[in-house]
*Asks:* 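Here it is: the structure, laid out below.
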Amino acid sequence: MMSLLCITIISLTLAGSTYSQVTSPPSSPPVKVFAALGSNITLPCRLQNSDTTSFGNIGIRVRWTKVAEDESLNEDVLVSMGFHKKTYGSFEDRVFLQELDSDDASLIITEVSKEDIGKYHCEIINGVEDTVQEIILEVQGGVTDGVVFPYSPPVGRYNLNFQDAMQACVDQGAVGATFDQLFEAWKGGLDWCNAGWLSDGTVQYPITKPRAPCGGTNSKPGLRSYGRQNRMSRYDVFCYAPALMGRFYWLVQPDRLTFNEAVQACLNDGAEIAKVGHMYSAWKVERYDRCDAGWLADGSVRYPISRPRNNCSPTEAAVRVVGFPNKSQKSYGVYCYKADQ
């Protein structure tokens, strides 16, 4: 049954039709989404009850609103009624529904700006049912304020379709990199021969040292592009991690840890086990340097070297990857991350 608290009646007009909508408080806990400045981002929203007709049917309406503390300052973002959709204000022609399936009302925002920061409500109206989901968007950094890094999952390279690739970046404290971000990273020396997804749905990789397996020895340095690919195809992904808004650190422990012990040790220290994006950002932006291999949240073991030296990373500054060892091994320490309060 719909909550009777804080109910507001809203009248919307779209494509010549008007309907009244009852807006109730959010039906589920808020979801926090992080985006890099200038990137594309998806705010997730799905129909809770899948036993319905699809969004293509006029029986289901979707309304996205940017919510202010003063309700009179709320901004309409997008309204969908059947096949008719309308965007508003600064969001006009810059947002659209993802619609991966009949239950998907997720909103894609392109060219994210600082003005997009804030709280959003996704309201799905299906007959008498009203689903309200709350999403909080945070925007950090810009093209040069963070770091682009390649990522492949524990199961190995070329195992991510587009949706899984974008989610993998989010899971690692980052977002899918844009073309501009990858281009800037290439100009800064990024050289990587594995092809990866970008946030625009293209697949590319940066080469600074042409060689046979990476486009040939006679090719010039640059971004190698496979163009826009079928989103179910599988590649790696290039992620973008903004500058940290917290503290990344090595947790001193008397003994080496299993993965589960590492997770708990960070929690006991009032932090969380660090993500891959946290390590790359600390390494690139803050020049973090430590020659100790430690667990990260994805089950990998890595260490960041900004000052190349023997026995660590003798030839270049880099985040070194040990791999994805058995999580029961007591062979490593742990890196933690404590967000600013």
*Asks:* Starting at OH of Y288, measure out to NE2 of H278 and round the result to the nearest 0.5 Å.
*Replies:* 13.5 Å
*Asks:* Strictly distance-based, threshold 3.5 Å: is any side-chain N or O of S225 a donor or acceptor partner for the main-chain N or O of G227?
*Replies:* yes
*Asks:* Give a yes or no on whether V31 and L97 share a hydrophobic cluster (residues Ile, Leu, Val, Met, Phe, Trp, Tyr; joining criterion: side-chain heavy atoms under 4.5 Å apart).
*Replies:* yes
*Asks:* Side chains of V79 and V62, heavy atoms from C-beta outward: is any pair under 4.5 Å?
*Replies:* no
*Asks:* Tell me whether K330 is salt-bridged to E261, with the criterion being a basic N under 4.0 Å from an acidic carboxylate O.
*Replies:* yes
*Asks:* Without swapping roles, check the side chain of Y158 against the backbone of A195 for a donor-acceptor pair under 3.5 Å.
*Replies:* yes
*Asks:* Go through the steps for C312 and R309 under the test side-chain contact (heavy atoms from CB on, under 4.5 Å), then give the verdict.
*Replies:* CA-CA 6 Å; C312 294; R309 55 198 184 276; 3.9 Å; yes
*Asks:* Determine whether D298 and Y151 satisfy the following criterion, side-chain contact (heavy atoms from CB on, under 4.5 Å), listing intermediate values before the conclusion.
*Replies:* CA-CA 11 Å; D298 66 338; Y151 186 79; 2.7 Å; yes
*Asks:* If you look at every heavy atom in P314 and P308, which pair is closest and at what distance?
*Replies:* O-CB, 3.9 Å
*Asks:* Contact between S300 and P154 at the side-chain level, heavy atoms closer than 4.5 Å - yes or no?
*Replies:* no
*Asks:* Quick one: does K220's side chain have a donor or acceptor within less than 3.5 Å of a partner on P210's backbone?
*Replies:* no
*Asks:* Working to the nearest 0.5 Å, report the span between CG of L182 and CD of E184.
*Replies:* 10.0 Å
*Asks:* Could you check whether any side-chain heavy atom of F34 comes within less than 4.5 Å of a side-chain heavy atom of V170, counting everything from C-beta outward?
*Replies:* no
*Asks:* Would you find a donor on one side and an acceptor on the other, under 3.5 Å apart, between the side chain of R228 and the backbone of V203?
*Replies:* no
*Asks:* Would you say V285 ends up clustered with M245 if hydrophobic residues are merged whenever their side chains have heavy atoms under 4.5 Å apart, either directly or through other cluster members?
*Replies:* no
*Asks:* Is the cationic atom of K86 (NZ for Lys, CZ for Arg) positioned less than 6.0 Å from the six-membered ring centroid of Y88 and within 45 degrees of its normal?
*Replies:* yes
*Asks:* Check whether the side chains of D180 and T178 place a donor and an acceptor atom closer than 3.5 Å, and report yes or no.
*Replies:* no
*Asks:* Decide, yes or no, whether a salt bridge links D292 with R302 under the criterion of side-chain N to carboxylate O below 4.0 Å.
*Replies:* no
*Asks:* Hey, any chance L160 and L100 share a hydrophobic cluster, counting ILVMFWY side chains that come within less than 4.5 Å of each other, even indirectly?
*Replies:* no
*Asks:* Taking T258 for its side chain and S328 for its backbone only, find out whether a donor-acceptor pair lies under 3.5 Å.
*Replies:* no
*Asks:* Taking Q172 for its side chain and V276 for its backbone only, find out whether a donor-acceptor pair lies under 3.5 Å.
*Replies:* yes
*Asks:* Backbone N or O of W283 within a donor-acceptor pair of the S306 side chain at under 3.5 Å?
*Replies:* no
*Asks:* Mind listing the closest non-hydrogen atom pair of A105 and I124 along with its distance?
*Replies:* CB-CD1, 3.9 Å
*Asks:* About how many Å separate CZ of R46 and CG of D103, when rounded to the nearest 0.5 Å?
*Replies:* 5.0 Å
*Asks:* Should the heavy atoms of other residues, nucleotides or ligands under 6.0 Å from CG of N268 be counted, would the total exceed 12?
*Replies:* yes
*Asks:* In the structure I gave you, are the side-chain heavy atoms of I136 and P30 within less than 4.5 Å of one another anywhere?
*Replies:* yes
*Asks:* Less than 4.5 Å apart, any side-chain heavy atom of Q229 and any of W197?
*Replies:* yes
*Asks:* Between F248 and A274, which heavy-atom pair has the shortest distance, and what is it?
*Replies:* CE1-CB, 3.6 Å
*Asks:* How about K119: does its NZ atom have over 12 heavy atoms from other parts shown lying under 6.0 Å from it?
*Replies:* no
*Asks:* To the closest 0.5 Å, what do you measure between CZ (R231) and CD (Q163)?
*Replies:* 9.5 Å
*Asks:* List the atom of E75, the atom of S90, and the distance in Å for their closest heavy-atom pair.
*Replies:* OE1-OG, 4.3 Å
*Asks:* Check this for me: E316, atom CD, are more than 12 non-hydrogen atoms of other residues, nucleotides or ligands nearer than 6.0 Å?
*Replies:* yes
*Asks:* Rounded to the nearest 0.5 Å, what's the gap from CD on E134 to NZ on K32? Could you check?
*Replies:* 11.0 Å
*Asks:* To the nearest 0.5 Å, how far apart are SG in C122 and CG in L43?
*Replies:* 9.0 Å
*Asks:* Could you walk me through whether N40 and V112 satisfy the side-chain contact (heavy atoms from CB on, under 4.5 Å) test, starting with their C-alpha distance in whole Å, then the side-chain angles of each, then the deciding distance to 0.1 Å, before giving a yes or no?
*Replies:* CA-CA 6 Å; N40 301 340; V112 169; over 6 Å; no
*Asks:* Does this structure show an ion pair linking D76 with K66, if we count only N-O contacts that are shorter than 4.0 Å?
*Replies:* no
*Asks:* Between Y280, W250, Y303, which is the residue that forms a ring-ring contact (aromatic ring centres under 6.0 Å, His included) with Y335?
*Replies:* W250
*Asks:* If Ile, Leu, Val, Met, Phe, Trp and Tyr residues are connected whenever their side-chain heavy atoms lie under 4.5 Å apart, and connections chain through other members, are V322 and I273 in the same group?
*Replies:* yes
*Asks:* Does D289 use its side chain to pair, donor to acceptor, with the backbone of R307 at less than 3.5 Å?
*Replies:* yes
*Asks:* Got a donor-acceptor contact below 3.5 angstrom from the W295 side chain to the L257 backbone?
*Replies:* yes
*Asks:* Does K209 pair with D191 as a salt bridge, N-O distance under 4.0 Å?
*Replies:* no
*Asks:* Going through the distances and angles, do F149 and F238 end up as a ring pair (Phe, Tyr, Trp, His ring centres under 6.0 Å)?
*Replies:* CA-CA 6 Å; F149 63 95; F238 288 98; 9.3 Å; no
*Asks:* Do NZ/NE/NH1/NH2 and the carboxylate oxygens of D116 and R94 come within less than 4.0 Å?
*Replies:* yes
*Asks:* So do R63 and T65 actually touch side chain to side chain, heavy atoms under 4.5 Å?
*Replies:* yes
*Asks:* Are I109 and Y120 close enough that some pair of their side-chain heavy atoms sits under 4.5 Å apart?
*Replies:* yes
*Asks:* Show, in sequence, the C-alpha distance, side-chain angles and deciding distance for F259 and L296, and conclude whether the side-chain contact (heavy atoms from CB on, under 4.5 Å) test is met.
*Replies:* CA-CA 8 Å; F259 175 76; L296 294 179; over 6 Å; no
*Asks:* Given side chains that start at C-beta, do those of Y337 and K275 come closer than 4.5 Å, heavy atoms only?
*Replies:* no
*Asks:* How close do N159 and R234 get, counting heavy atoms only, and between which atoms?
*Replies:* O-NH1, 2.9 Å
*Asks:* Are W186 and F179 connected in a single hydrophobic cluster, I mean Ile/Leu/Val/Met/Phe/Trp/Tyr linked by side-chain heavy atoms less than 4.5 Å apart?
*Replies:* yes
*Asks:* Test side chain to side chain donor-acceptor pair (under 3.5 Å) on N260 and Q264 and set out the steps.
*Replies:* CA-CA 6 Å; N260 287 340; Q264 189 60 50; over 6 Å; no
*Asks:* Can you see which heavy atom on G215 is nearest to which on R224, and at what distance?
*Replies:* CA-NE, 4.0 Å
*Asks:* Verify side chain to side chain donor-acceptor pair (under 3.5 Å) between N194 and R157, making sure each step is shown before the conclusion.
*Replies:* CA-CA 8 Å; N194 292 358; R157 58 179 290 196; 3.2 Å; yes
